[in-house]
Number of protein chains: 4
Amino acid sequence: MGGTMDDTKRQRRGNTRQRIQDVALELFAEQGYEKTSLREIAERLDVTKAALYYHFKTKEEILVSVYEDLTQPIVELIEWGRRQPQSLETKQEILRRYHDALVEAAPFFRFMQENQATVKELRIGELFRNRMLGMRDILIDPDAPLIDQVRCISAVFTMHAGMFTLNDLPGTDEEKRKAVLEVATTLVTEAHHGRHAS
Amino acid sequence: MGGTMDDTKRQRRGNTRQRIQDVALELFAEQGYEKTSLREIAERLDVTKAALYYHFKTKEEILVSVYEDLTQPIVELIEWGRRQPQSLETKQEILRRYHDALVEAAPFFRFMQENQATVKELRIGELFRNRMLGMRDILIDPDAPLIDQVRCISAVFTMHAGMFTLNDLPGTDEEKRKAVLEVATTLVTEAHHGRHAS
Amino acid sequence: MGGTMDDTKRQRRGNTRQRIQDVALELFAEQGYEKTSLREIAERLDVTKAALYYHFKTKEEILVSVYEDLTQPIVELIEWGRRQPQSLETKQEILRRYHDALVEAAPFFRFMQENQATVKELRIGELFRNRMLGMRDILIDPDAPLIDQVRCISAVFTMHAGMFTLNDLPGTDEEKRKAVLEVATTLVTEAHHGRHAS
Amino acid sequence: MGGTMDDTKRQRRGNTRQRIQDVALELFAEQGYEKTSLREIAERLDVTKAALYYHFKTKEEILVSVYEDLTQPIVELIEWGRRQPQSLETKQEILRRYHDALVEAAPFFRFMQENQATVKELRIGELFRNRMLGMRDILIDPDAPLIDQVRCISAVFTMHAGMFTLNDLPGTDEEKRKAVLEVATTLVTEAHHGRHAS
DNA sequence: CATGAATGAGAGTTCATTCAT
DNA sequence: AATGAATGAACTCTCATTCAT
């Protein structure tokens, strides 16, 4: 009794949920949400499709659960940001931390960027949108000139897109990430000083 | 034959191909490529699915044909850019023209942005990628410091994303577009001057 | 050209829709709606499940279409009944005609009787219910004593159930149907005369 | 241990089997047998599906057990009927008692009526059929004319269907039930007297 | 007395695509 | 220039059931 279960199976027990999330994110990021079927996820985990449904109510819920786990740091960052004075130093610190969060969960954010059309229709579309508005609020002064507001948004874009689109630039990943952060920081700094004269 | 055709039908004669492209782009942009079925396109045009196959060999080909029509101006822009001296004025003019091209075919570029995961796997993925590298070549000096190269790329991102994500900023569309172009231009200008010290 | 299609296939062309309805009703009546799968229907017709969906939007729609075809005579009977005087003769004629309609589409009405739980939740549940209320209106005098109203309803029940539950009674089907009609007629006649003293 | 069990839990102890039967019947009657899943039953009881399998071997067995509990009075009624003389008084008394039994377990009989297609295929199909034949034997004189036999069967139908289909008739439930019983009694009485000439 | 985890089978449905007419 | 009819493959999801603990 018990001897019928080999080591691999035993290892799996109790962490299937986590493994589903991992594999799902991996495939979602690689091929997109729609093109990833539950059959594929299940096969890669060597379980049946029905097993996925034991752990998650729908395909969408798998994604939501991944989302919630991986964006937690950003929620906390925004909360932290709200409690700080709206100084330049704060904003720079926010960018730095945001950048770290993006790097930490890079595959997930790559997924969000490449699957906007899909995400829009899902529950996480709204969730993410709200989170982004939160970021905006702590970076942007709503009374600043339009151009400075655009600068701040551009800073966030730059970090998001810079995460995944600089492959054919020279330099190590480390260097490129540093450069991206610097450009973003400059944009926010200029916005903060209102230095938008040509 | 002929007498049974009402005005609407007659109007359609000969331009069905164009109408398919229009409706397809509209739906692709609105719902995404994967979530738009040929049935839907056909229904909206009041023809059968088989009719689509008379005009296009596959679903993908519809998209390719739209792509080719709408990115023609950018091909020309890149060719023009290559023939110019790599001066600051040239770069600024390129941005201006690129910006116009984006505005002109906004739904298409919104589609490209929101469906990256899908597009990656399709033929237009590579086509678009190459086109983007062309843009890079005429904007970026490959000998410039990394940070200046990033600035240029950030300028392009800013225009792309700025097209679709500034809804809740104050001001008219016109004003916002102007601000976006200005931020992009500043980035490229700073990159050109190598002015990256704070 | 054309030579690749054998006779059986050719025969099928153009009447697949009808054949789907026939087979569906047959199976629905035999096994119940829920226990009959589209796979089963398709297999018996030697087409694919997808072919069913070319002709009908959903499983439920197959049933609805059968319903509409087969209950048409009853719709007409009710309309006819409404235009007649509410005499005893009219009522007796209605019962006779209703009885004929039941016999004519016996498998369908057997289905309706045996699948009430299912039908309740489907669109035809309401449709059928309204049709039955129509019957009631032309048979029952709303001012009559309750017991006479019940007699009329009992008459209708008797015909419905008598259609399918008299197998182990002696006599031919013909004789049994005649007896059923007679019992129903007696009930309505008694109700009409108000002869309900014990 | 035991200290961790709150009152609701304690109350449940030992009567889970009964509670399963209750909830199952409730749902079966409401939605039908097929549309009621074990998941649903388990959720409503706040136990797991596996718990159901501790008490019953299959879904069908839950239904069988309910069936056996609730039709016991009818078994006894039939046995009683068999021992009585086949007088009119006996038959009338049988109808009265049968009527009471139906009212007593109304949801169950409603279930049997609305799920005939399902029940036919299950073990209780045959059980119920035999029980009904038992009723027939004590109500019907096999030597009587066909029409009188039909009358008796009609009487039983009337009671069954009258239980659930008189909602939109005027009067209280009590009054309607009384009327139904009276109509049934009249039918059996007429059958007994062979009074089938108009 | 019951749960947690999983399975195998199958459901209804949708899709891009084909082809004879 | 287009239709009507159909297919094959895939999809998400649900179900009754099992079994070690």
Side-chain angles (χ1 to χ4, degrees), chain A residues 1-5 9-10 12-17 34-42 45-60, chain B residues 9 12-14 16-17 34-42 45 47-62, chain C residues 1-5 9-10 12-17 34-42 45-60 62, chain D residues 5 9 12-14 16-17 34-42 47-60 62:
Chain A
M1 47 204 61
T4 59
M5 217 192 311
K9 281 264 170 188
R10 183 171 288 117
R12 277 175 197 171
R13 262 242 234 70
N15 63 341
T16 305
R17 202 189 133 94
E34 329 246 15
K35 298 250 287 228
T36 301
S37 70
L38 294 182
R39 179 183 52 69
E40 223 173 337
I41 298 176
L45 288 166
D46 202 32
V47 296
T48 60
K49 276 182 289 168
L52 306 184
Y53 279 92
Y54 175 75
H55 293 282
F56 299 95
K57 272 219 287 284
T58 62
K59 184 185 181 185
E60 183 172 354
Chain B
K9 279 264 170 185
R12 275 174 197 173
R13 259 249 228 74
T16 304
R17 202 189 133 92
E34 329 250 13
K35 298 250 286 233
T36 302
S37 69
L38 295 184
R39 179 177 55 66
E40 221 173 339
I41 297 176
L45 287 166
V47 297
T48 60
K49 269 184 292 173
L52 305 183
Y53 279 89
Y54 177 81
H55 293 281
F56 298 95
K57 270 221 295 281
T58 63
K59 184 184 182 186
E60 182 172 354
E61 237 211 17
I62 300 180
Chain C
M1 47 204 63
T4 59
M5 216 193 309
K9 280 264 169 185
R10 183 171 287 117
R12 276 174 199 171
R13 259 244 234 67
N15 63 342
T16 304
R17 201 189 136 94
E34 329 246 14
K35 298 252 285 228
T36 301
S37 70
L38 295 183
R39 180 181 54 67
E40 224 172 337
I41 297 176
L45 288 166
D46 201 32
V47 297
T48 60
K49 273 186 290 170
L52 306 183
Y53 279 91
Y54 176 75
H55 293 281
F56 299 94
K57 272 219 288 282
T58 62
K59 184 184 181 186
E60 182 172 355
I62 299 180
Chain D
M5 221 190 310
K9 280 264 171 187
R12 275 173 200 176
R13 261 253 230 71
T16 303
R17 201 189 135 92
E34 329 250 14
K35 298 249 288 229
T36 302
S37 69
L38 295 184
R39 179 177 55 67
E40 221 174 338
I41 297 175
V47 297
T48 61
K49 268 184 294 174
L52 305 184
Y53 279 90
Y54 177 82
H55 293 282
F56 299 95
K57 269 222 292 283
T58 63
K59 183 184 183 186
E60 183 171 353
I62 300 180

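Throughout, protein chains are lettered first and strands after them, A, B, ... in sequence-line order, and every chain is numbered starting at 1. Computed from a predicted structure; not experimentally measured.
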Asker: Listed in order of residue number, which residues of residues 35-42 of chain B have a non-hydrogen atom at under 4.0 Å from DNA chain F?
Answerer: none

Asker: Counting a pair only when it is Watson-Crick or G-U and both distances are under 3.5 Å, which runs of at least 3 such pairs involve DNA chain E?
Answerer: E:2-21 with F:2-21

Asker: May I have the distance from D:Leu52 (atom CG) to F:dC15 (atom C1'), rounded to whole angstrom?
Answerer: 13 Å

Asker: Rounded to whole Å, please give me the gap between CG in C:Leu45 and P in F:dT7.
Answerer: 10 Å

Asker: Could you grab the distance from atom CG of B:Leu45 to atom OG1 of B:Thr16, nearest 0.5 Å is fine?
Answerer: 8.0 Å

Asker: Rounded to the nearest 0.5 Å, how far does CZ of C:Arg39 lie from NZ of C:Lys49?
Answerer: 8.0 Å

Asker: Which of residues 54-62 of chain B have a heavy atom under 4.0 Å from DNA chain E?
Answerer: B:Thr58, B:Lys59

Asker: Hey, is the side chain of B:Thr16 poking within less than 4.0 Å of OP1 or OP2 on F:dA2, counting only N and O atoms?
Answerer: yes

Asker: Could you pull out all residues at least two apart from D:Ala51 that satisfy side chain to side chain contact (heavy atoms under 4.5 Å, CB included)?
Answerer: D:Val47, D:Thr48

Asker: Please give me the minimum heavy-atom distance between A:Leu38 and A:Lys59, naming the atom from each residue.
Answerer: CD2-CG, 3.8 Å

Asker: Return whichever of A:Glu34 or B:Ala50 has its heavy-atom-nearest nucleotide of DNA chain F closer to the 5' end.
Answerer: B:Ala50

Asker: Quick one: list whatever passes side-chain hydrogen bond (donor to acceptor under 3.5 Å, both in side chains) with D:Glu60, sequence neighbours left out.
Answerer: none

Asker: Any idea which of F:dT7, F:dA2, E:dT3 is nearest the B:Ala51 side chain?
Answerer: F:dA2

Asker: Can you name the closest pair of heavy atoms from C:Lys35 and C:Glu40 and give their distance?
Answerer: O-OE1, 3.6 Å

Asker: Looking at CD1 of D:Ile62 and CD1 of D:Ile41, how far apart are the two atoms once the value is rounded to the nearest 0.5 Å?
Answerer: 5.0 Å

Asker: I'd like to know if C:Lys49 reaches the base of E:dT13 with its side chain such that a donor and an acceptor end up less than 3.5 angstrom apart.
Answerer: yes

Asker: List for me each residue that meets side-chain hydrogen bond (donor to acceptor under 3.5 Å, both in side chains) alongside B:Glu61, sequence neighbours excluded, and say none if there are none.
Answerer: none

Asker: If the cut-off is 4.0 Å, is A:Tyr53 near the phosphate of F:dT14, judged by side-chain N/O to OP1 or OP2?
Answerer: no

